[in-house]
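To start, the structure under review is shown below, and the notes come after it.
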Amino acid sequence: MTLERKVRLSGLYLFLGFIACIFVLPIVFMVMSSLKPDLQLLSDSSSMRAFLPVGDIGVDNYRDAFSRAPVGLFIFNSVFITATTLLLSLFLASIAAFSFVFIEWRGKAVVLAIIIATYILPFETVAVPLLLLVNNLPWLSTEGVTWGWLNSYQVQIVPWIIRALEIFLFVQYFRDLPRDLVESARVEGASWFQIYRRVVMPLSGPVIATVAILKFLEMYNNQFIWPIMVVQEEGLRPIMVGLLYFFQLNTAWGEIMAYLTIITVPVLAFYLMLQRAFIASIASTGVKG
Amino acid sequence: MAGIQLSNLRKQFGTVEVIRGVDIDIRDGEFVVFVGPSGCGKSTLLRLIAGLEDITSGEIRIDGRVVNDLEPKERGIAMVFQSYAIFPHMTVRENIAFGLTIRRENRKAVEQKVAEAARMLQMENLLDRRPSQLSGGQRQRVAIGRAIVRDPSVFLFDEPLSNLDAALRMSTRQEIAALHSQLKTTMIYVTHDQVEAMTLADKIVVLRDGEVMQAGEPMHLYHQPANLFVAGFLGAPSMNFISVTVAAVDASTVRISAPAIDGFAVEKSGHGFTAGQQATLGIRPQQLRLAPKGTGPLNGRVVLTERLGSETIVDVRLNSSDIIVAALPEDTILHPGDAVSLGFDRAHAHLFEETL
């Protein structure tokens, strides 16, 4: 390697390291702060000490966070709601996209255009009508048919299962799959569902990972306003609503940081699990997460 | 095994009619090749037979049964695609067995059929590989294997060799021919390559703009092309065409005149020519022979020679300024600018009512 190339590479790595720092430092700050008492946390935050495990370090904030709010329950709720929504979303969005791409039926272009157009509607526009709607829907439970979905898991799951983006991503991906594969499966005698399950889905790893991660982030990180609107029962609340517990009475920054650290773990775990497929899909489709 | 009848078959995409009233009768066990230039509708025709496209009007019968509204899987066909269309996430074994496992056939029977197909196609050692680990020719064989195991009554091939290199194309072509003589199943084969058509077919169907130009045995089409298109399409190098005027006619001969060849008679009985009519003379390059200077009906100067080893292709600019191509014996030595006379057997000349 020539000197010039070495210098150029070092410069490049320095630059990339700097960019990486911009993304990593807030997380380092969060984790470090979660280990410090409030007074030190606030005084450290004006210097580089904010990013270092120095001074009075301990796990008191974690203990206090658990005693202030039912953290485990909130995490369970969020994971349950997210996982259920995610699985249903993957299944229904992909099967809808399959029909749009591979099956001929009258008017499908118009229907798809309408679905995609709904993507531009912000949640705030539909929030109130949606609230009125879910308040009047029936549900079959062990107690028979009940009316109104407020204070339940399903009210936090069903309205979020499908959004235009997921269908759109699957449609785009399916359009790029070789049509011959589907046609040869048809000639071989496969039913539409068999083609979906045995040919198309096994080849759709990248788009499944993309939709899974986007959906996970949407459900796990961003569910705040809707749960506040529809769930009053503490036992059904997700993590983001749980964050409010730490701003009531006196704001305990150390505990907030501890809570955030705890709830970040599932996100990181999920991302690391799907990282490879996610990067592959972004690289191949040009879709930005 | 099954015969296929297409009656007045039409297909429209929007307002564009791509298949215009096609009638073809394919006998049981026949190897039929649809040939024609790109966009002539040959692949569409195959897809209509397969059931991958709906027909606009007309009728398709397979084994005597009207299949217009049947799903592909109900037609008793197997199809080999140009892109092979083998499933990249399955092994060769799973690919070949796909149609059988979909039908939930007995596992033992499936294994046996796969092994048999693998042996027939000499790929027993490839069964556990994935398509990405195979060469183009091997992938094509997997696609053929997948078609064979289902024991279909009709095989459809959609340009199966066009993604292979020249050497492999020839050997795979021979394998397909061998397969047909072994299985004796009806096969329909689509290609734009007239060499494949001539070598494989029991019957060739030449298509152009969604219409059948001529159908029949390869040598019949070669020797008695019904029109200029078929004459020009089959045979390499292409047939030479010269514009002529009909000078005189009698029962068995038509006397023609042209700037290049004056007072030349073509034998053609039962013709519909009348004196004074414009027509086109067609001569295959292989029918042209060198004649002593100034004696042949065609005189001109050599423009280009290509020595192919087995023959020498010579482009000659006639005195009338038409260019014709002659395929001469391999030991012919001519140079650009040389004056030549070319003669031919008038029994092998073709005369068409169409004009250029």
Side-chain angles (χ1 to χ4, degrees), chain A residues 90-91 94-95 97-110 112-113 170 173-212 274 276-278 280-281 283-285, chain B residues 13 43 46-54 67 70-91 94-105 130-132 139-140 142-152 154-160 163:
Chain A
L90 285 176
F91 174 65
S94 60
I95 214 159
F98 181 89
S99 145
F100 281 122
V101 175
F102 297 115
I103 303 176
E104 291 308 317
W105 45 279
R106 208 173 276 272
K108 70 177 184 178
V110 177
L112 182 62
F170 273 109
Y173 187 86
F174 288 170
R175 278 184 182 158
D176 286 341
L177 284 178
R179 252 193 130 70
D180 282 357
L181 291 180
V182 171
E183 293 186 339
S184 88
R186 279 184 73 196
V187 171
E188 290 294 309
S191 65
W192 285 118
F193 189 73
Q194 282 170 322
I195 295 172
Y196 165 81
R197 192 172 68 82
R198 301 189 50 160
V199 177
V200 171
M201 288 312 268
L203 295 174
S204 302
V207 68
I208 292 172
T210 308
V211 170
L274 296 181
R276 190 182 289 255
F278 186 60
S281 79
S284 66
T285 62
Chain B
F13 289 113
S43 282
L46 195 74
R47 293 168 58 81
L48 292 174
I49 296 171
L52 293 171
E53 302 281 356
D54 292 331
V67 298
L70 295 187
E71 282 286 302
K73 61 180 174 186
E74 297 164 317
R75 299 189 181 198
I77 52 158
M79 186 158 169
V80 175
F81 291 78
Q82 180 177 357
S83 65
Y84 320 132
I86 52 178
F87 307 121
H89 58 294
M90 297 180 193
T91 62
E94 289 164 339
N95 262 291
I96 295 179
F98 183 80
L100 303 175
T101 46
I102 284 287
R103 280 155 218 255
R104 298 179 191 284
E105 283 198 19
R130 289 199 184 262
S132 58
R139 288 180 203 188
Q140 190 55 275
V142 175
I144 294 173
R146 191 172 60 190
I148 292 175
V149 288
R150 281 182 31 231
D151 194 18
V154 180
F155 280 98
L156 306 177
F157 293 92
D158 189 4
E159 307 213 22
N163 289 349

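Order of the sequence lines sets the chain letters (A, B, ...), proteins ahead of strands, with each chain counted from 1. What you are looking at is a predicted structure, and each value in this text was computed from that prediction instead of being measured.
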Side chains of B:F98 and A:V199: does their closest heavy-atom pair fall under 4.5 Å?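 Yes, their side chains come closer than 4.5 Å.
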Could you have a look at A:G189, A:A185, A:P178 and say which one has the most heavy-atom pairs with chain B under 4.5 angstrom?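 Top option by heavy-atom pairs under 4.5 Å: A:G189.
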Per-residue contact mode, A:R198 against chain B (heavy atom under 4.5 angstrom):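 For A:R198, backbone and side chain are both near chain B.
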Is A:Q194 in contact with chain B via its backbone, its side chain, both, or neither, using a 4.5 Å heavy-atom distance? side chain
Of all heavy-atom pairs linking A:R186 and B:P72, the shortest is NH2-CD, 3.5 Å
All N/O donor-acceptor pairs, side-chain side in residues 142-149 of chain B, below 3.5 Å, sequence neighbours left out:
residue: B:R146; atom: NH1; partner: B:A85; partner atom: O; Å: 3.1
residue: B:R146; atom: NH2; partner: A:S184; partner atom: OG; Å: 3.3
residue: B:R146; atom: NH2; partner: B:A85; partner atom: O; Å: 2.8

When only pairs under 4.5 Å are counted, which of B:L100, B:L52, B:D158 shares the most heavy-atom pairs with chain A?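 The residue among B:L100, B:L52, B:D158 with the greatest pair count is B:L52.
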Tell me, please, which residues at least two apart from B:R150 pass salt bridge (charged side-chain N to carboxylate O under 4.0 Å, His left out).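 By the salt bridge (charged side-chain N to carboxylate O under 4.0 Å, His left out) rule, B:R150 matches A:E188.
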Atom CZ of residue position A:R197 - does it have more than 12 heavy atoms of other residues, nucleotides or ligands inside 6.0 Å? no
Any chance you could measure [X], atom [atom1], to [Y], atom [atom2], to the nearest 0.5 Å?
X     : Y      : atom1 : atom2 : result
B:F87 : A:L203 : CZ    : CG    : 9.0 Å
B:M79 : A:D180 : CE    : CG    : 7.5 Å
B:S83 : A:E183 : OG    : CD    : 9.0 Å

What part of B:E71 gets closer than 4.5 Å to chain A, counting heavy atoms only: side chain, backbone, both or neither? side chain
